[in-house]
Undergrad: 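Right, I'll just put the structure down here and ask away after.
Chain letters run A, B, ... following the sequence lines, proteins first and then strands; every chain starts at 1. Values below: every heavy atom of this structure, side chains too, minus hydrogens, waters and symmetry copies.
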Amino acid sequence: MTSDSKKELGVGIFFLALSVAYMLGTTRISTFTPFGNRGLDSRSVPQLIGFLVFVLSSVHVIQVLIQVKKSKQDSVEPLEGNRDQVCDTDEVICIEPPKGSIIARIDTVVPVKLLLSLLYLVIYVAAYQGVGFVISSTFFLLAESFLLVKKEERKRWTVFIILYSIGASALIYFIFTKYLSLFLPSGILG
Amino acid sequence: MLEMLISGFASVFTDPTGIIMILFGVTIGIIFGALPGLTTVAGLSMFLPVTYVMASNIGLSMLTAIYIGGISGGLISAILLNIPGTPASIATCFDGAPMAKKGQAGKALGLGVFGSLIGTIIGVLVMVVLSPTLAIFTLKFGPWEYFSVTFFALTLISTLTGKSVVKGLLSALFGMMVATIGLSPIDSAKRYTFGSLQLTSGFHLLIVLVGLYAISEVLSTAAAKQEQVKVLDYKMKGLGFTRKDLNGNWINLIRSSLIGLGIGILPGIGGSTSNIIAYSVAKNSSKHPEKFGTGIADGILASESSNNASVGGAMIPLLTLGIPGDGATAILLGGFMLHGMQPGPLLFQTNGDTVYHIFASMILGTFFMAILMWAGMRMFVKILKVPTHILIPLIVVLCSIGAYALSNRVFDMWGLILFGILGLAMSKFKIPVPPFILGFILEGALETNLRRGLEYSNGNVMDVFTRPISAVFLILTVLSLGSTIIKQIRHSAKAAGKGAQS
């Protein structure tokens, strides 16, 4: 089984499990029909959605299994779309780009950066209310900027990033609370 | 209508703050459009909290200005870096970059701006004429008609996006599942709240949108290995091109704009699709298709006019039915709701002044976009050199303010992270996001109208088939689903045949 097939099977199983859990959840929804049930109640539409997800995810799983079986019989990998094609983001249309046309890409993902960015974001949100906007934002801007700047350029950017993180956080707090009348937590700065 | 539009212009021109905000919005939009990896949606999400305290007409005009600027700005990096600034400018790279490499970058930029101007004008004008007429028509809709239209929109987006109709439909239903969290419509029964008070009000539309579009986009840009790309030099005299460059291209411009407009009207998809379709149509109907890709005006004009015409197109279903035409208009829908307005047929009756103010400001914004890009190109090109490690953390901080300020609670910020991760996972597993968004937005309308329809007809479901407008939309639903399923079966049979041969 190719990694693509495994991914697709995973998608199908995820939705299958979700639909079962979701349908079980409908039993806990209270209904209110004071004038008699002439149509649907608050439980009906979730039940319908859960049922449709169950059916469609089953179809998806069966489709993937058939495809895997077929590719095993023919002992060839299932055909994938032409990798040279250019598609729109929603994959509504794909076309062959003109000959010699190379669109520069920036799509190699560095997983460590992604995970660390997410971790910083979680810490930022957790500290937001208690520590306050200015301090938590300063640390988030510092940490995220240092994470994203290229290693070889880090030294050159250090002073700028520190000043920018403090300045931007304070300025944003000032503008939003003074001029845009929004409430932002002041935290330990009181 | 004309009277209302004139009064819209009057209200725009008598308010200097409003004009400054339109100018500011267009500038921000162009910057976000030009920077690769950052899109219009990120720009809209970032500046949404700034509009919270503005008057609704000024705030919404600023957001639409960001939208116009964002779609146009993508051409700068497409031409000078050979990287589309936004997905709406993919096809601009095909001829824009080769023209720039031939030392005619100024001409390519000038043509791109001109194409954007014509496309936006056509799109916005059709929007101004068509939206009020459609709104009057949709006033006749009862619950069954609304149900059928929303059902059609959901199935259409599910069949159009991605390579699998099953995954498209699953994505739409997943969005509907998330939308059922909170209180049910009509009888306010608690659903999937798990005893949490915070979940009683469900997830706010903006949390879902900003998380799925902006946070996931910004996180994946942050994690992307940035390759060093060279910004090409350019010289631009006047408009950058001569009248001769447009010879034989007027039909191309109009046809591409109409394609963009049509694609924009379709729910959920917009400029990112229309530029590729318009480019291939221009190439196929050209007398010299072999020249496409070598740096000719036809390709740039087709791509840029179509993606900009999608702006007006995407606004039409938003204003008349409350169904967003693309990701950016989904954020705008959230903006409307924040300012206490519900897009749909009644919008023209209840908030006609604001709607025409927005129309007038969009027309003004279109000209601001062209003037700013022609006159301030040097500044925008310099901004291409601003490092992403400075911008990305700032966008996250501003999006967080937007989330927190919705109800002054950290819970919404957690929602932002949750939907950001969901967006990343959906992109990893190739589950299309637009059906999810539309499912989330339309679940309420779908359920309310289905339940109301059944109440009115005493539980008789046949009414949905016997009412003409409703029946037409249901037939269209069956046709779109049927044709896509047949197409996919044929495609997989063809692929299996090829696999067996090789």
Undergrad: May I ask you to decide if A:Ile29's main-chain N or O and B:Arg191's side chain share a donor-acceptor pair within less than 3.5 Å?
TA: no

Undergrad: Any idea which heavy atoms bring B:Ala189 and A:Ser30 closest together, and the distance?
TA: CB-O, 3.4 Å

Undergrad: If you count heavy-atom pairs within less than 4.5 Å of chain B, which of A:Leu116, A:Leu48, A:Leu121, A:Leu147 leads?
TA: A:Leu121

Undergrad: For chain B, which of A:Ser137, A:Ser169, A:Pro46 has the most heavy-atom pairs under 4.5 Å?
TA: A:Pro46

Undergrad: Heavy-atom distances under 4.5 Å only: say whether B:Ile421 touches chain A with side chain, backbone, both or neither.
TA: side chain

Undergrad: Mark yes or no for whether B:Tyr192, through its side chain, and A:Tyr22, through its backbone, hold a donor-acceptor pair below 3.5 Å.
TA: yes

Undergrad: Is the shortest side-chain heavy-atom distance between B:Lys430 and A:Val11 below 4.5 Å?
TA: no

Undergrad: Of all heavy-atom pairs between A:Glu8 and B:Phe429, which one has the smallest distance, and what is that distance?
TA: OE2-O, 4.2 Å

Undergrad: Top residue by heavy-atom pair count (under 4.5 Å) with chain A, among B:Phe194, B:Trp414, B:Phe174, B:Tyr52?
TA: B:Trp414

Undergrad: Measuring from atom CG of B:Leu219 to atom CD of A:Glu144, what distance do you get when rounded to the nearest 0.5 angstrom?
TA: 7.5 Å

Undergrad: Of all the heavy-atom pairs spanning B:Arg451 and A:Leu40, show the shortest one and how long it is.
TA: NE-O, 3.3 Å

Undergrad: Check each atom of A:Val53 against the heavy atoms of chain B and say whether the ones under 4.5 Å are side chain, backbone, both or neither.
TA: both

Undergrad: Among B:Met177, B:Glu447, B:Met176, B:Lys190, single out the residue with the greatest number of heavy-atom pairs under 4.5 Å to chain A.
TA: B:Met177

Undergrad: Please identify, among B:Ile390, B:Thr180, B:Thr294, the residue contributing the most non-hydrogen atom pairs under 4.5 Å to chain A.
TA: B:Ile390

Undergrad: Hey, which of B:Lys283, B:Arg409, B:Arg452, B:Lys428 has the most heavy atom pairs under 4.5 Å with chain A?
TA: B:Lys428

Undergrad: Non-hydrogen atoms of chain A under 4.5 Å away: do they reach the side chain of B:Ala405, the backbone, both or neither?
TA: side chain

Undergrad: Which one wins on heavy-atom pair count under 4.5 Å against chain B: A:Ala126, A:Gly10, A:Gly12?
TA: A:Ala126

Undergrad: Taking every heavy-atom pair that is under 4.5 Å apart, which of A:Phe146, A:Tyr179, A:Trp157, A:Tyr120 has the most such pairs with chain B?
TA: A:Trp157

Undergrad: With a 4.5 angstrom heavy-atom cut-off, which part of B:Ile263 approaches chain A: side chain, backbone, both or neither?
TA: neither

Undergrad: Tell me, for B:Pro49 versus chain A, whether the close heavy atoms (under 4.5 Å) come from the side chain, the backbone, both or neither.
TA: both

Undergrad: For A:Tyr128 and B:Val410, indicate whether the former's side chain and the latter's backbone hold a donor-acceptor pair under 3.5 Å.
TA: no

Undergrad: What part of B:Glu290 gets within 4.5 angstrom of chain A, counting heavy atoms only: side chain, backbone, both, or neither?
TA: neither

Undergrad: For the residue pair A:Phe140 and B:Ser400, establish whether any side-chain heavy-atom pair is separated by less than 4.5 Å.
TA: no

Undergrad: So which heavy atom on A:Leu148 is nearest to which on B:Pro393, and how close?
TA: CD1-CD, 4.3 Å

Undergrad: Within the 4.5 Å heavy-atom criterion, are B:Leu398 and A:Phe176 side-chain neighbours or not?
TA: yes

Undergrad: Using non-hydrogen atoms and a 4.5 Å limit, figure out which bit of B:Val50 sits close to chain A: side chain, backbone, both or neither.
TA: both

Undergrad: So for B:Ile215, is it side chain, backbone, both, or neither that comes closer than 4.5 Å to the heavy atoms of chain A?
TA: side chain

Undergrad: Who among B:Leu183, B:Asp95, B:Leu450, B:Ile277 has the most heavy-atom pairs with chain A under 4.5 Å?
TA: B:Ile277

Undergrad: Tell me, side chain or backbone of B:Ile186 under 4.5 Å from chain A's heavy atoms, or both, or neither?
TA: neither

Undergrad: If you count heavy-atom pairs within less than 4.5 Å of chain B, which of A:Thr31, A:Val59, A:Leu141 leads?
TA: A:Leu141

Undergrad: Determine the minimum heavy-atom distance between B:Val166 and A:Leu56, stating which atoms define it.
TA: CG1-O, 3.4 Å

Undergrad: Is it the case that the side chain of A:Ser145 and the backbone of B:His389 share a donor-acceptor pair, with hydrogens and angles ignored and the cut-off at 3.5 Å?
TA: yes

